[in-house]
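We use all heavy atoms of the structure for the numbers below, so side chains are in, but hydrogens, waters and symmetry mates are not.
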Amino acid sequence: MSGLESLVRAGYGVVFRSVFAKMDPERAHHVAFAVIRLLPRVPFAAGAIERSARPSAEDGITTMGIHFPSRFGLAAGFDKDAKGITGLGVLGFGHVEVGTITARAQPGNERPRLFRLIADRALINRMGFNNHGAAKAAGRLEKARRNPGRPVIGVNIGKSRVVSVEDAVEDYLESTRILAPFADYLAVNVSSPNTPGLRGLQELDQLRPLLAAVHDAAGRTPVLVKIAPDLTDEQIDAIAGLAVELGLAGVIATNTTIERGGLRTPDDEVRAMGAGGLSGAPVAARSLAVLRRVRAAVPAGFCVIAVGGVTSEADVQARIEAGATLVQGYTAFLYEGPTWAMRINRLRRKRLRRR
């Protein structure tokens, strides 16, 4: 472990236990995110961190016609408005998936809407796609793309809450037309449990026209679909087959789960947190099973992005061995701190050198 990594990791551990763990989780997120956004404005610090966090060239991969500098990236949900892409790249993420972004600006659900399950290294969220809308995100994305050292940029799009499910296709198309020109790839989110009716779009009769329309409107921008871990095996097979049939670039497996089984956090505390999607370590086993199911249902060159319960470099490697083209994480970032991607990149460098 480098001296910089060790120092920052130890410092974050103290700050998390003494400050963040006692703070409202959403407020803590905004504080940490503000620091990440400021990082590129401090060239000396940013340069030192970037050199330490830089992934191994051997870990790069080309998929969907895009070269990714490493297999590991940040999942959607952390940077909802495309405000921190450069800073997140400095921290070592090979790609950053921003969003979920909707065509219309919306405040999301009422607070509190984000909860820590520290004993489980997990989160429950019912954020509700809070964002400032596609038009504002487009300007930030256009600026971020001009940065020569930027990570690969994925853009995750979802349904605006005020739009009915019956009108969802046109709503997604509006986001696609605005955002696809500034995205390296586009992820269609039909699997969040926090927007009423959204998961119903995973039914094939509704999903087919939606994905076909977005795929056509996106032009040369690759399109993937993000699915829930709570689907049956038959539903997973059907959606994977549909993605291949329509010429999509890939599948992202998986989103958060509505299941609450096997948690260490006391049941009464979990019930008090209420509805929302569970992410982090408890979803790892199911997400891995869905990944294997998707990989078995699609061609070898088809991109499959694994996300759900990824904490360590060993988790990243396990997803790759199970067939993942790329791997994403999010929840562990809140617990592991700013050196998380740096540490995973360092351990992957060691693994690849041993080989």
Side-chain angles (χ1 to χ4, degrees), residues 26 29-43 46 50 64-69 73-91 93-109 127-163 167-189 192 195 213-224 226 249 252 328 330 333:
E26 190 168 351
H29 171 81
H30 289 310
V31 170
F33 191 66
V35 175
I36 292 170
R37 289 183 64 190
L38 287 171
L39 187 57
R41 302 181 190 180
V42 187
E50 189 171 21
M64 304 184 289
I66 306 164
H67 181 71
F68 288 75
L74 184 64
F78 188 88
D79 186 357
K80 292 182 177 295
D81 274 307
K83 293 180 176 179
I85 295 169
T86 302
L88 291 164
V90 168
L91 293 178
F93 293 102
H95 68 280
V96 174
E97 189 172 307
V98 301
T100 297
I101 297 170
T102 53
R104 306 185 189 188
Q106 55 187 43
N109 294 321
M127 302 298 290
F129 293 168
N130 54 305
N131 73 106
H132 291 100
K136 285 197 173 180
R140 299 187 189 103
L141 289 165
E142 184 178 20
K143 183 179 180 181
R145 285 177 66 88
R146 294 198 295 265
N147 179 359
R150 67 172 177 85
V152 172
I153 303 171
V155 179
N156 186 297
I157 59 173
K159 185 183 78 67
S160 302
R161 191 182 186 93
V162 297
V163 173
D167 296 324
V169 172
E170 186 53 44
D171 186 63
Y172 277 92
L173 283 178
E174 184 177 352
S175 293
T176 301
R177 296 184 190 109
I178 294 170
L179 297 170
F182 308 110
D184 291 314
Y185 72 83
L186 210 61
V188 179
N189 187 348
S192 169
T195 296
V214 170
H215 180 250
D216 288 345
R220 296 183 178 181
T221 304
V223 175
L224 302 90
K226 187 168 186 176
I252 304 175
Q328 295 178 343
Y330 167 26
F333 193 19

- [ ] Compare all side-chain heavy atoms of P222 with those of L186 and state whether any distance is below 4.5 angstrom.
- [x] no
Task: L88 side, atom CG; F33 side, atom CZ - distance, nearest 0.5 Å - done: 6.0 Å
TODO: State which residues pass salt bridge (charged side-chain N to carboxylate O under 4.0 Å, His left out) with D184; sequence neighbours excluded, sorted by chain then number.
DONE: R145, R150
- [ ] Specify the closest pair of heavy atoms between A137 and L179, including all atoms of both residues, with the distance to one decimal.
- [x] CB-CD2, 4.1 Å
- [ ] Apply side chain to side chain contact (heavy atoms under 4.5 Å, CB included) to the pair Q328 and L74, showing each step before the final yes or no.
- [x] CA-CA 5 Å; Q328 295 178 343; L74 184 64; over 6 Å; no
TODO: Supply the atom-to-atom distance L224 CG to N156 CG, rounded to the nearest 0.5 angstrom.
DONE: 10.0 Å
Task: Parallel, tilted or perpendicular, as decided by the 30° and 60° cut-offs, for the rings of F68 and Y185 - done: tilted
Task: Minimal non-hydrogen separation, A46 against P40, with atom names - done: CB-CA, 4.2 Å
Open item on the list: I need the minimum non-hydrogen distance between V223 and A218, along with the two atoms involved.
Closed with: CG2-CB, 3.5 Å
Task: Approximate separation, where rounding is to 0.5 Å, of K143 NZ and T86 OG1 - done: 8.5 Å
Task: Where D81 and G133 come nearest, the two heavy atoms and their spacing - done: OD1-N, 4.4 Å
- [ ] Work out which heavy atom in A75 is nearest to a heavy atom in Y330; give both atom names and the distance.
- [x] CB-CB, 4.0 Å
Task: V152 side chain near V96 side chain, heavy-atom distance below 4.5 Å - done: no
Open item on the list: For a side chain to side chain contact (heavy atoms under 4.5 Å, CB included) check, start with the C-alpha distance between L91 and F333, then their side-chain angles and the critical distance, and finish with the verdict.
Closed with: CA-CA 11 Å; L91 293 178; F333 193 19; 3.9 Å; yes
Task: Pairwise distance OG(S160) to CD(E174) - rounded to 0.5 angstrom - done: 7.0 Å
Task: Check ion pair E170-R177 (N to O, under 4.0 angstrom) - done: yes
Open item on the list: What I'd like to find out is whether the side chain of V98 reaches to under 4.5 Å of the side chain of K80, using heavy atoms alone.
Closed with: no
- [ ] State, yes or no, whether a side-chain contact exists between R104 and R161 at a heavy-atom distance under 4.5 Å.
- [x] no
TODO: Find out whether V155 and F182 are in side-chain contact, i.e. whether some heavy atom of one side chain is under 4.5 Å from a heavy atom of the other.
DONE: no
Open item on the list: Please report the interatomic distance OG1(T100) to CD1(I157), rounded to the nearest 0.5 Å.
Closed with: 9.5 Å
Task: Flag, side chain of D171 to backbone of V163, donor-acceptor distance under 3.5 Å - done: no
Task: Atom pair CG/NZ of L141 and K136 - distance to nearest 0.5 Å - done: 14.5 Å
Task: Nearest non-hydrogen partners of G87 and L39, listed with the distance - done: O-CD2, 4.1 Å
- [ ] Please determine, by modelled atom types, if Q106 and H132 share a side-chain donor-acceptor pair under 3.5 angstrom.
- [x] no
Open item on the list: When you compare the side chains of T102 and N131, does any donor N or O come within less than 3.5 Å of an acceptor on the partner?
Closed with: yes
Open item on the list: I'd like to know whether E97 forms a side chain to side chain contact (heavy atoms under 4.5 Å, CB included) with I252, so could you lay out the CA-CA distance, the side-chain angles of the two residues, the decisive distance to 0.1 Å, and finally the verdict.
Closed with: CA-CA 11 Å; E97 189 172 307; I252 304 175; 3.6 Å; yes
Task: Student check: side-chain heavy atoms of I36 and F78 closer than 4.5 Å - done: yes
Task: Derivation and outcome, side chain to side chain contact (heavy atoms under 4.5 Å, CB included), residues F129 and I101 - done: CA-CA 7 Å; F129 293 168; I101 297 170; over 6 Å; no
Task: Student check: side-chain heavy atoms of L173 and V169 closer than 4.5 Å - done: yes
